[in-house]
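Read the structure below first, then the notes.
Convention: sequence-line order gives letters A, B, ...; per-chain numbering from 1.
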Number of protein chains: 2
Amino acid sequence: MPITIYDVAREAGVSMATVSRVVNGNPNVKPTTRKKVLAAIERLGYRPNAVARGLASKKTTTVGVIMPDISNAFFAELARGIDDIASMYKYNIILCDSDQRLEKELHLINTLLEKQVDGIVFMGREIKPEHIEVFNTSSVPIVLAGTLETTGEQPSVNINHFQGGYDATKRLLDGGNTRIAMITGPFSDPLGGLTRFKGYRKALEDAKIPFREEYIFNGNFTYDSGMEAAKVLMSLPEAPTAIFAASDEMAVGVIHGLQDMGKNVPRDVEVIGYDNVRLAEMVRPKLTTVVQPMYDIGAVAMRLLTKFMNKEKVEEQIVVLPHRIEERQSTKPLS
Amino acid sequence: MPITIYDVAREAGVSMATVSRVVNGNPNVKPTTRKKVLAAIERLGYRPNAVARGLASKKTTTVGVIMPDISNAFFAELARGIDDIASMYKYNIILCDSDQRLEKELHLINTLLEKQVDGIVFMGREIKPEHIEVFNTSSVPIVLAGTLETTGEQPSVNINHFQGGYDATKRLLDGGNTRIAMITGPFSDPLGGLTRFKGYRKALEDAKIPFREEYIFNGNFTYDSGMEAAKVLMSLPEAPTAIFAASDEMAVGVIHGLQDMGKNVPRDVEVIGYDNVRLAEMVRPKLTTVVQPMYDIGAVAMRLLTKFMNKEKVEEQIVVLPHRIEERQSTKPLS
DNA sequence: TTGAAAGCGCTAACAC
DNA sequence: GTGTTAGCGCTTTCAA
C-alpha cells in the first residue's frame with residue numbers, strides 16, 4: 001500500500017490541502033508548517049501520484065511524439081532535440097514509432113489523446129486530409145517537426161527544402177558541372193522527395209540547362225538505393241559529372257557505388273548530400289552536404305509546443321530554420 | 001467539455017457500468033445493449049480517459065524507458081526493439097535520455113514511478129550501489145537491457161561481452177596476427193569497456209602472446225577516438241598488424257585514420273569492430289565485426305518486462321543472447 | 001494560513 | 001445482464 005497524501009497529512013497533523021500546497025510549492029504556507037510537512041514526507045517516503053494529479057488538474061506534463069522510425073539517424077536526432085527541451089520544461093515524452101503507416105499514425109494520435117497528453121509533436125512524411133481532420137479536432141496543440149503541411153494552418157518547424165535543393169544544385173553548377181543528376185526521395189514524400197526535386201529543377205532552369213529525365217533516379221533514402229543509382233546513372237551514354245542525393249545515406253551509397261566501379265570522387269564525379277547526419281563525416285571523401293539543423297528542428301518544435309500549452313502568444317507558428325552547405329571533400333573546391 | 005462515460009450512459013439509456021463493460025470488452029453484456037452503447041459512443045465521439053482509468057485500475061499500460069542517448073545508433077536500435085514489442089502488447093513508452101548522469105538517472109526513475117508506469121526498461125553504462133538500492137525498492141519491475149549488473153539479482157538482457165571480446169581477438173589471432181592492439185571503451189563502463197578488454201586479454205593469454213600495455217588505447221566509443229588511436233598505435237616502434245575496436249564507430253575511425261596515413265586495410269592492418277551498427281556496411285572496406293543483436297536485446301527485454309508485469313512465471317531472468325562475428329572486408333579471409 | 005469538501009472520469013465489487 | 005456505489009489520490013474552490 002503506497003503512501004498517500006492523506007497519510008502525510010495525518011503524520012504531519014495538518015490537512016491534505018496543506019500537504020498539497022507544500023508539494024506544489026504554493027507560497028501560502030507558514031514556514032513552520034511547511035517544515036513539518038516536509039519532515040513527514042521524508043519520514044514516510046511519500047511519492048506523489050502523478051496520475052491522480054493528472055485527473056484532478058487536467059494536466060499530465062506529458063507530451064506525445066510520433067515519428068516514422070526512431071532507429072533512423074535523422075529522426076533520432078530530432079527526438080534528442082525534442083527530449084532535451086521537454087526535459088528542460090519538465091515534460092516527459094511518450095515516444096511512438098508509426099512506420100509511416102497512416103492508420104497507425106491516426107491510431108497513435110488517438111491513444112495519446114486518451115492518455116491526456118498536453119500536446120503532440122508529429123513527424124511524418126506525407127500529410128493527408130485524414131491527418132488534417134484529426135489535427136483540427138484535437139483538444140491539445142499539435143506541432144509538426146520536419147514535416148510539410150500545405151494548408152499553412154498547422155504549426156510547424158522546418159527548413160526551406162525547395163531552397164535546399166536549389167542551393168545544392170547551384171553549388172554543383174557553380175563548380176562548372178552541366179550534367180547533374182539527382183537521386184530523389186519518393187515523390188510521395190512532399191518534403192524529402194518532391195520539394196527538393198523542384199529546387200533542383202529550378203536551379204537547372206535558371207542556369208538554362210535543359211532538364212533530362214534520365215538524370216533522375218528515384219531512391220528511397222537508403223544506402224542501397226544510392227548504390228543502385230550509381231550503377232544506373234553511370235551506365236548512361238552521357239554519364240553525369242555530378243550527383244545530388246536527397247539524403248546523406250544515399251549520397252554515401254553513390255560514393256561507394258562510384259568507387260566500386262573505379263571512379264574517383266570528386267575528381268570524376270562530384271557528390272553532394274542532404275541532412276548532415278554524423279555519417280557524412282565518417283566516409284572518405286567526407287561528404288559535402290546541405291545541413292539541416294536536425295536537433296534544432298526538434299528543439300524548436302518542442303519549444304513552440306510549450307508556448308501553445310501555456311497559452312502564450314505565438315507570433316510565428318510556421319518556423320523556417322536556416323540551412324547551409326557544409327563544404328567537405330566530395331566536391332571539388334570552388335576556385 | 002469532453003464527453004465522459006456518464007454522458008454515454010445517459011445517451012444510451014444504460015448505466016455507466018455497462019458502458020465501462022462495453023468499452024473494456026467485457027463479455028457480460030447483451031449484444032443488443034452493446035450495440036446501443038456502441039452507437040451512443042459513436043454519436044457522441046466519446047474517447048475514454050486513460051488517466052481516470054489508470055487511477056481507478058492502478059494500471060497505466062505505460063512503461064518507462066531510460067537510456068543514455070537516443071541519438072546514439074546503438075541505443076536507437078534498442079529503442080526500436082523495445083517500442084515494437086511494447087506496441088505489440090499495447091503498452092506505450094515514456095522515453096527518457098539520461099546522458100549517463102547518475103543523478104539524472106535516479107531522478108528519472110523517480111519521475112516514472114510517480115507517473116505510475118507499469119514497468120521500466122533501464123539502459124546505462126555503469127550500475128552503482130545507488131541504482132541497486134532504487135531497483136530493489138521499486139514498486140514495479142525493472143529490467144536492464146544491454147547493461148551489466150553484477151549482483152545477478154536484477155533481470156537483464158545482454159550478450160556475453162567477455163566472449164565477444166575473446167572471439168574478436170581470437171579471430172585476429174587465427175588470421176596469423178601476433179601484434180594485436182585494442183581500442184577499448186572507458187573502463188568505467190563494465191560491459192563496453194572492461195569486460196570486452198578482459199576477453200581480449202584472455203584470448204592473448206590462451207595463445208601465449210604476451211600482453212603489451214602499449215597496444216591498449218583507451219577510447220570513448222567515438223569515431224574521433226578511433227582516428228586518434230590509429231595515430232598513436234601506428235607510431236609505435238613495433239606497430240600492430242591488427243586492431244580490435246570495442247565499437248564500430250571507433251573501428252571506422254581507425255580505418256580512416258589508417259587510410260589517411262597511406263595504410264591499406266586489411267592488407268597492412270586488419271580491423272575488427274563491435275556492435276554491427278548500420279555504419280559497419282557503409283564504410284570501405286566493409287567492417288568485419290562482432291554482431292550484437294541490438295534490436296533483439298531491446299525486444300527481449302521488453303518481452304521479459306511484460307511477463308513480470310503480468311506476474312507470469314519467468315524461468316530465466318538473466319538472458320544472454322547469442323553473438324557472432326560477421327566476416328566482411330576489413331579482415332583478410334581465413335584460409 | 002489552513003481546512004472541509006466536492007469533484008476529476010473511471011473501475012470494480014456487490015447487489016439485484 | 002445490468003445498475004449502484006464506493007473509492008482511486010489528488011487539486012481546487014470556498015469558508016473560516
If you look at every strand shown and take non-hydrogen atoms under 4.0 Å, does [X] touch a base, only sugar-phosphate, or nothing?
{"X": "A:Val14", "answer": "sugar-phosphate"}
{"X": "B:Asn28", "answer": "base"}
{"X": "B:Thr18", "answer": "sugar-phosphate"}

[atom1] of [X] versus [atom2] of [N]: gap in Å, rounded?
{"X": "A:Asn26", "N": "C:dT1", "atom1": "CG", "atom2": "C1'", "answer": "10 Å"}
{"X": "B:Ile3", "N": "C:dC10", "atom1": "CD1", "atom2": "P", "answer": "10 Å"}
{"X": "B:Asn24", "N": "C:dC10", "atom1": "CG", "atom2": "P", "answer": "10 Å"}
{"X": "B:Arg10", "N": "D:dT2", "atom1": "CZ", "atom2": "C1'", "answer": "18 Å"}
{"X": "B:Asn49", "N": "C:dC10", "atom1": "CG", "atom2": "C1'", "answer": "8 Å"}
{"X": "B:Met16", "N": "C:dA13", "atom1": "CE", "atom2": "C1'", "answer": "14 Å"}
{"X": "A:Arg53", "N": "D:dT12", "atom1": "CZ", "atom2": "C1'", "answer": "13 Å"}
{"X": "A:Tyr6", "N": "C:dA5", "atom1": "OH", "atom2": "P", "answer": "11 Å"}

Any side-chain N or O of [X] below 4.0 angstrom from OP1/OP2 of [N]?
{"X": "A:Ser15", "N": "C:dA4", "value": "no"}
{"X": "A:Lys59", "N": "D:dT11", "value": "no"}
{"X": "A:Ser57", "N": "D:dC10", "value": "no"}
{"X": "A:Lys58", "N": "C:dG9", "value": "yes"}

What about the rings of B:Phe122 and B:Phe135, do their centers lie closer together than 6.0 Å? yes

Within-4.5 Å side-chain heavy-atom neighbours: B:Asp83 and B:Leu95: no

May I ask you to decide whether B:Arg43 forms a salt bridge with B:Asp7, counting only side-chain N to carboxylate O separations under 4.0 Å? no

A:Gln100 side-chain N/O to A:Glu105 backbone N/O, donor-acceptor pair under 3.5 Å: no

For B:Arg21 and for B:Leu55, find the nucleotide of DNA chain C with the closest heavy atom, then tell me which residue's nucleotide is more 5'. B:Leu55

Hey, which of these two, A:Pro27 or B:Arg47, hits DNA chain C nearer its 5' end, going by closest nucleotide? A:Pro27

Calculate, to the nearest 0.5 Å, the distance between atoms CD1 and CD1 belonging to B:Ile109 and B:Ile66 respectively. 4.5 Å

